[in-house]
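Residue indices begin at 1 and follow the sequence shown.
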Amino acid sequence: MTASMLHALLGGALIGAAAGLLLLVNGRIAGISGILGRVTSADLGDQGWRIAFLAGLLAPALVFGTGTAQLHPGWTWAVVSGLLVGFGTRLGRGCTSGHGVCGLANLSGRSLLATLVFMATALVTVWVVRHGGLA
C-alpha cells in the first residue's frame, strides 16, 4: 500500500467517523452545503457546532498542506466553478458529502441517483479536461 493510498484510506475513515459522530451527537446529517449555507442564519447555539465542523474540514489542509492538487489559474475559473457547484448543490438538494456519505449509508434511493450523477459528471469533466473536448 502506497502512502497516497494510506492517506486516502485514513481520510475516508475520518470523514465517515465525523459524519457518524455528528449524527450520533447532534442528530444532524453531515451535508457540508447545508452546514455552510446555514452557518450565518442559524441560532447562536447552532452556529458553534457548524463553525467547529467547518474548521475541522479546513484544519488538515492548513496544517499538512494541500498536496499536489493544482487549480487552473485565474479568478474567472474559480468564480464559474463555485457558481456551478452552488447551482448543482441546490438542484440536487444536497452535496456529495450529504448524498454520497450520509445518504448512501441511509440507503436513500435519491442519494444513490445523485451520487451516480456526480460520478458521471466527474468522468465527463476529466475527459474534457484531459482530451480537450468531447469529440
What distance separates C102 SG from I32 CD1, expressed to the nearest 0.5 Å?
8.0 Å
Cluster overlap [X] with [Y], hydrophobic side-chain contacts below 4.5 Å:
X    : Y    : result
L57  : W49  : yes
L36  : L22  : yes
F118 : L104 : no

Tell me, with the steps shown, if V39 and I35 meet side-chain contact (heavy atoms from CB on, under 4.5 Å).
CA-CA 6 Å; V39 76; I35 293 171; 5.9 Å; no
Under the salt bridge (charged side-chain N to carboxylate O under 4.0 Å, His left out) rule, what pairs show up with a residue in residues 21-34, not counting sequence neighbours?
R28-D46
Salt bridge (charged side-chain N to carboxylate O under 4.0 Å, His left out) partners of residues 98-110, not counting sequence neighbours, each pair once
none
Check whether any side-chain heavy atom of I29 sits under 4.5 Å from a side-chain heavy atom of N106, and report yes or no.
yes
Taking it one step at a time, do M1 and L9 satisfy side-chain contact (heavy atoms from CB on, under 4.5 Å)?
CA-CA 10 Å; M1 179 176 287; L9 181 64; 4.2 Å; yes
Given the rule in the side-chain contact (heavy atoms from CB on, under 4.5 Å) test, do L107 and L112 qualify, once you have shown the distances and angles that lead to the verdict?
CA-CA 8 Å; L107 304 176; L112 176 61; over 6 Å; no
Hydrophobic side-chain clustering at under 4.5 Å (ILVMFWY, transitive links): who's grouped with L21? Put none if nobody.
V25
Check G34 against R50 and note the closest heavy-atom contact, atom names and distance.
O-NH1, 3.5 Å
Is there a side-chain contact (heavy atoms from CB on, under 4.5 Å) between L54 and L58 once you walk through the steps?
CA-CA 7 Å; L54 293 170; L58 296 174; 5.6 Å; no
